Amino acid sequence: MSEESIALTPIEEKIVTFYDDEIVAVLAGEGNKSQVFVPLRQICDYLGLSCAGQRERINRDPVLSQEVRFVRVTRTNRGGNPELLFLPLKFLNGWLFGVSASRVKPELQEKIIRYQRECYDILWQAFQTDAFAVVNSEPTSLLSPNILALEQIRDMSLSIARMAEQQVELEKKVESA
């Protein structure tokens, strides 16, 4: 991601409570598309992860590095820089599943696994209760809940397939070395 990137301005901000953690999620537009973004630093802080380390990991990832964005927010980081690094919600699990629970403090392992298992769904649902839904990165209110669920399953499956392809390539490199 380029450091000169223009910050996105949220269309809508929501505070979503996930267990006792309050996560600010935003719907932001980029061109004629809109999607939900989640703050990297805030989630890293809740999970006891080094934000700088996670940002380096994202920058090394060929997919995530192209997807992170600066978003101008009002509710987080009061008094500081209003432009924070956010990850599109549809890539949250891809990033979270890269965090190895066995490599963090024992007292944080259960929380990381809980985030990996449930956080995406809670954040996604928060933006489905309004008059619009976000599908294929575009707001719409015309789709039934069944179609929305199928769209979500498809998007998650494609993300998992991309992660598997990356892992296969990595394993091939390791074996050939």
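All figures in this text were calculated on a predicted structure; none of them were measured in a lab. Values reported hereafter were calculated over all heavy atoms of this structure, with side chains retained and with hydrogens, waters and symmetry mates removed.
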So Asp61 and Gln166, side-chain contact (heavy atoms from CB on, under 4.5 Å) or not? Walk me through it. CA-CA 10 Å; Asp61 186 280; Gln166 290 176 353; 3.7 Å; yes
Is there a side-chain contact (heavy atoms from CB on, under 4.5 Å) between Thr17 and Ile122 once you walk through the steps? CA-CA 8 Å; Thr17 302; Ile122 299 300; over 6 Å; no
Could you give me the CA-CA distance, side-chain angles and deciding distance for Leu87 and Phe37, then say whether side-chain contact (heavy atoms from CB on, under 4.5 Å) is met? CA-CA 5 Å; Leu87 191 61; Phe37 289 86; over 6 Å; no
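You'll find the side chain of Pro10 stays beyond 4.5 Å of the side chain of Leu27, heavy atoms only. Between Asn93 and Gln116, the closest side-chain pair of non-hydrogen atoms is not below 4.5 Å. Using a 4.5 Å cut-off on side-chain heavy atoms (C-beta onward), Glu12 and Val26 make no contact. Using a 4.5 Å heavy-atom threshold, the side chains of Ile23 and Cys119 count as touching. Side-chain atoms of Val36 and Leu123, non-hydrogen and from C-beta on, never get closer than 4.5 Å to each other. Under the 4.5 Å side-chain criterion, counting only non-hydrogen atoms from C-beta, Trp124 is in contact with Leu89.
Here the closest heavy-atom approach between residue Ile11 and residue Ser34 is recorded as CD1-OG, 3.4 Å. Pairing each heavy atom of Ser50 with each of Cys44, the nearest pair is O-SG, 4.4 Å. Among all heavy-atom pairs drawn from Ile112 and Ala101, the shortest one is CG2-CB, 4.2 Å. Annotation for Glu22 and Gln42: closest pair O-NE2, 2.8 Å, computed over non-hydrogen atoms.
Scanning for side-chain contact (heavy atoms from CB on, under 4.5 Å) contacts around Lys105 gives Glu107, Leu108, with sequence neighbours left out. Legend: residues meeting side-chain hydrogen bond (donor to acceptor under 3.5 Å, both in side chains) with Glu171, ordered by chain and number and at least two apart, are Gln167. For Glu118, the side-chain hydrogen bond (donor to acceptor under 3.5 Å, both in side chains) partners two or more places apart in sequence, or in a different chain, are Tyr19. Among residues two or more places apart in sequence or in another chain, the side-chain hydrogen bond (donor to acceptor under 3.5 Å, both in side chains) test is passed with Thr9 by Arg72. Ser100 pairs by the side-chain hydrogen bond (donor to acceptor under 3.5 Å, both in side chains) definition with Ser102, not counting sequence neighbours. Under the salt bridge (charged side-chain N to carboxylate O under 4.0 Å, His left out) criterion, Glu56 pairs with no residue, sequence neighbours left out. For Arg114, the salt bridge (charged side-chain N to carboxylate O under 4.0 Å, His left out) criterion is met by Glu110, not counting sequence neighbours. With sequence neighbours excluded, the residues that form a side-chain contact (heavy atoms from CB on, under 4.5 Å) with Asp21 are Tyr46, Lys111, Tyr115. Applying the side-chain contact (heavy atoms from CB on, under 4.5 Å) test to Ser176 and every residue at least two apart in sequence or in another chain returns nothing. Residues satisfying the side-chain contact (heavy atoms from CB on, under 4.5 Å) criterion with Arg57, sequence neighbours excluded, are Gln54, Arg60, Trp95, Val99.
Interatomic distance, CG of Leu85 versus CG of Leu40, reported as 5.5 Å (0.5 Å rounding). Remark: Arg69 CZ to Leu8 CG distance equals 7.0 Å, nearest 0.5 Å. Here the straight-line distance linking atom CD1 of Ile58 with atom OG of Ser65 works out to 9.5 Å at 0.5 Å rounding. Here Glu175 contributes atom CD and Leu170 contributes atom CG; the two are 10.5 Å apart, rounded to the nearest 0.5 Å. Annotation: the span from Phe18 atom CZ to Asp121 atom CG amounts to 9.0 Å, rounded to 0.5 Å. Taken to the nearest 0.5 Å, the CD atom of Glu67 stands 7.0 Å off from the CD atom of Gln35.
For Arg154 and Ser157, the side-chain atoms include no donor-acceptor pair closer than 3.5 Å.
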